[in-house]
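Worksheet: one structure, shown below.
Side chains included, hydrogens not; waters and symmetry mates left out as well; all remaining heavy atoms used. Predicted model, so just to flag it, every value in this text is computed and none were measured. The first residue in the sequence is number 1, and the count goes up from there.
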Amino acid sequence: MATPPLGRREFLAASFAAPAAIAGVTALDPLERALQEAGTTAPEVLARDELFWSRYQEAFAIDRSIRLLNHGGTCPCPSRVLAELQRLEHQINTAPHRQIYHVLAPQLETVREGLAADLGAHPDEIAIVRNSTEALEICQWGLDLAAGDEVVTTTHDYPSMRNTWEQRKQRHGIVVTYATFKPPATLDEIFDAVTAKITAKTRVLHISHLTNLTGQLFPVRRLADFAHARGIEVIVDGAHAYAHLPFQIGELGCDYYATSLHKWLYAPVGTGMLWVRKEKLRKLWPLFGAPEPHAADARKLEHAGTGPIGAKLAIGEALRFHRALGVPRKLARLLLLRERWFAPLRGHKNVILYTPESPALASGLATVGIRGVDPIVLADHLWRTKRIVTAPIVIEEVRGLRITPNICSTLDEVDELGRELLAVADRGLPPAAEPSTR
Ligand SMILES: Cc1ncc(COP(=O)(O)O)c(C=O)c1O
């Protein structure tokens, strides 16, 4: 029997209910099938299976008229995460205060347990915050430091975090020392550059796991062991490494680990996580006053007022999406995409790769420069002529474009980038791209 057509009211009701249902079904089922079919195929083999990855491309509702190759900034959410966020926002708005504090707040514990399990940590060690910045600032302001105490960080660490240490320098008289190195660097070179800055007065070491400038990997474990042997606390900025590199928190040996969940976990914008080693929790002051500031419980670090609980709860859906795929498969695909756009440029006399090539040091982020070409003008040229989005990086040691495809990126998108960069490496920018003629 034919289904009778919907009346206007039924049609509206169905349309209103549709986003969650349709997004959930169309995104989830093909993925489940793809994962079943993939079975135990080795990640490096699966990385070349375009049918498998086409299902992941479809799981994101991104605008394909833009070739989005700057996922190092903020990543899009899969449709099923967006659907969950939307469902939660509707629920919150049925009775906001009651929903936020009485109904949904307790459910955040399930997300905390999920994040803890993924990291190999205890839920009491996990604070769910807004981003890496908040997570890092909690540590940077929450440690007792006196005038003359030294903090060692690097010129490759994130500018906002360097600003924070500079502010503590002005307010509290601490000393901030910067290690530097020329990328691409070996782990030994970074270890030597950082440890050379450590003195008897060093109290804190603040380093990145993967840098935002070039995706350079740091020898976190070796540096943490070196620091701990001298009574130094270790803060790691993991904005780019969580849900991107395979690790359990215990392997890193650090004391504090901060990350944004709206990057590689694909959780909604405005979500982040701070892990604090259990023994360090009592003495870490909350950034926002808490009833028990010396509790050995990272929940004390979350008293930031009424906030986006819907986004925080939707982390659970992002975590399920992430764990079903798994880091090894994701990383293998990211490395394949990187190889795909970089292969035509390898060995070109005008091309400089600022990121290590060795797969042992590589990730989905890579920064490439073209001799004599201003990265800002190049990024603008790629955007205007090909709608390719990249991130120009200009510091003393690096003048390039940071390229970050993601699992939703297509081969066509990265191929287009490779072709364009090769054309500029061969012939330079067309005259119209030069700022003087615009
Ligand atoms: C290394 C690093 N640390 C910290 C941050 C700050 O992240 P958020 O803006 O999510 O707080 C970023 C942002 O890109 C980053 O790359």
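- The shortest heavy-atom contact between L284 and C139 is CD1-CA, 4.0 Å.
- For the pair E302 and R299, the salt-bridge criterion is not met [side-chain N within less than 4.0 Å of a carboxylate O].
- Taking both residues in full, the closest heavy atoms of V129 and M273 are given as CG2-N, 3.8 Å, listed atom of the first, atom of the second, then distance.
- The local environment of CD in E189 is crowded, with over 12 non-hydrogen atoms from other residues, nucleotides or ligands closer than 6.0 Å.
- Contact record, P356 with A185: CG-O, 3.9 Å, taken as the closest heavy-atom pair.
- Here the side chain of R112 pairs a donor or acceptor atom with the backbone of I126 at under 3.5 angstrom.
- Using a 4.0 Å cut-off between a side-chain N of Lys or Arg and a carboxylate O of Asp or Glu, D225 and R221 qualify as a salt bridge.
- Across K280, R277, R203, a single residue satisfies salt bridge (Lys or Arg N to Asp or Glu O under 4.0 Å) together with E233, and that is K280.
- Within 6.0 Å of the CH2 atom in W285, the count of heavy atoms belonging to other residues, nucleotides or ligands does not exceed 12.
- Two rings, from F191 and F181, have their centers 6.0 Å or more apart.
- When every heavy atom of V414 is checked against every heavy atom of L69, the shortest pair comes out as CG1-CD2, 4.1 Å.
- With hydrogens and angles disregarded, no donor-acceptor distance shorter than 3.5 Å links the side chain of K312 to the backbone of V111.
- Using bins of under 30°, 30° to 60° and over 60° for the plane-to-plane angle, the ring pair Y257/F247 lands in the tilted bin.
- In this structure, N131 contributes its side chain and T133 its backbone to a donor-acceptor pair below 3.5 Å.
- For E420, there are no side chain to side chain donor-acceptor pair (under 3.5 Å) partners at least two apart in sequence or on another chain.
- Judged by a 6.0 Å distance limit and a 45° cone about the ring axis, R55 is not positioned over the six-membered ring of F52.
- Under the 4.0 Å criterion applied to side-chain N and carboxylate O atoms, D144 and K283 are not assigned as salt-bridge partners.
- Side-chain atoms of H303 never come within 3.5 Å of backbone atoms of F288 as a donor-acceptor pair (strictly under, hydrogens ignored).
- When every heavy atom of I249 is checked against every heavy atom of G120, the shortest pair comes out as CG2-O, 3.8 Å.
- Judged by distance alone, the side chain of N350 and the main-chain N or O of D426 form no donor-acceptor pair under 3.5 Å.
- Partner R333 forms a salt bridge (Lys or Arg N to Asp or Glu O under 4.0 Å) with one of E44, E339, E50 and no other, that one being E50.
- Of the possible donor and acceptor atoms, none in the side chain of R371 sits under 3.5 Å from a partner among the backbone N and O of I352.
- Pairs passing the salt bridge (Lys or Arg N to Asp or Glu O under 4.0 Å) check and including a residue from residues 392-414, sequence neighbours excluded, read R64-E413.
- Between the side chain of K263 and the main chain of S132, no donor-acceptor pair closer than 3.5 Å is present.
- No donor-acceptor distance shorter than 3.5 angstrom exists from the side chain of T155 to the backbone of T180, with no hydrogens or angles considered.
- The shortest side-chain heavy-atom distance between H228 and V234 falls under the 4.5 Å cut-off.
- Checked options L421, L382, N70; the residue passing with T390 is L382 (criterion: side-chain contact (heavy atoms from CB on, under 4.5 Å)).
- T195 and D192 get closest at one heavy-atom pair: OG1-O, 3.4 Å.
- Here E125 contributes atom CD and L115 contributes atom CG; the two are 12.5 Å apart, rounded to the nearest 0.5 Å.
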Return a table of donor-acceptor pairs under 3.5 angstrom between the side chains of residues 359-370 and protein atoms on other chains or two or more places apart.
from	atom 1	to	atom 2	distance (Å)
S363	OG	L365	N	3.3
T367	OG1	L213	O	2.6

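- Without hydrogens or angle criteria, T259 side chain to G238 main chain gives a donor-acceptor distance under 3.5 Å.
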